[in-house]
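One structure, as structure tokens, below. Some questions next.
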Amino acid sequence: MDTRESKTAQEEYEHLKEVRMPEDFEHLEPDEEQPEAKRPAKGWHWLVLGVAIATGLFLVYRLVSALWL
């Protein structure tokens, strides 16, 4: 992140050009300055799915064990 107070004339021009340019919603692409937006998820969905299945099995076990008593 740029923490400088003032910009050069060229930097100011580039900034205004980026701000005024309408966003292209038909051809969405990740921002070049955000490499994390280009990377796919690394397995978090499998972790969430595993935790959800484990929780469901635990709840079924507790329900069945409570009915047997």
Side-chain angles (χ1 to χ4, degrees):
M1 186 166 133
D2 193 5
T3 57
R4 292 180 292 170
E5 291 289 326
S6 61
K7 297 180 180 180
T8 64
Q10 180 65 27
E11 288 174 332
E12 189 66 31
Y13 173 75
E14 290 295 326
H15 173 71
L16 289 174
K17 193 167 88 172
E18 289 175 7
V19 171
R20 289 179 174 226
M21 187 181 307
E23 192 167 347
D24 185 10
F25 291 104
E26 291 181 9
H27 304 95
L28 295 175
E29 295 178 7
D31 191 0
E32 293 177 2
E33 298 172 359
Q34 295 179 337
E36 66 274 7
K38 295 181 180 180
R39 283 184 271 143
K42 294 199 175 201
W44 284 102
H45 57 284
W46 293 113
L47 178 64
V48 172
L49 179 63
V51 169
I53 290 174
T55 304
L57 290 173
F58 176 74
L59 291 175
V60 167
Y61 168 77
R62 294 289 294 186
L63 179 65
V64 169
S65 65
L67 292 177
W68 283 89
L69 294 176

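Just so you know, these numbers come straight off a predicted model, no measurement behind them.
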- Quick one: CG on Leu57 to CZ on Arg62, what's the gap to the nearest 0.5 Å?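 It is 14.5 Å, given to the nearest 0.5 Å.
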- Between CG of Leu63 and CZ of Phe58, what distance do you get to the nearest 0.5 Å? 11.5 Å
- Under the 3.5 angstrom rule, does the side chain of Glu11 hit a backbone N or O of Thr8 as a donor-acceptor pair? yes
- Determine, using the 4.5 Å side-chain heavy-atom cutoff (strictly less than), whether Ile53 and Trp46 are members of one ILVMFWY cluster. yes
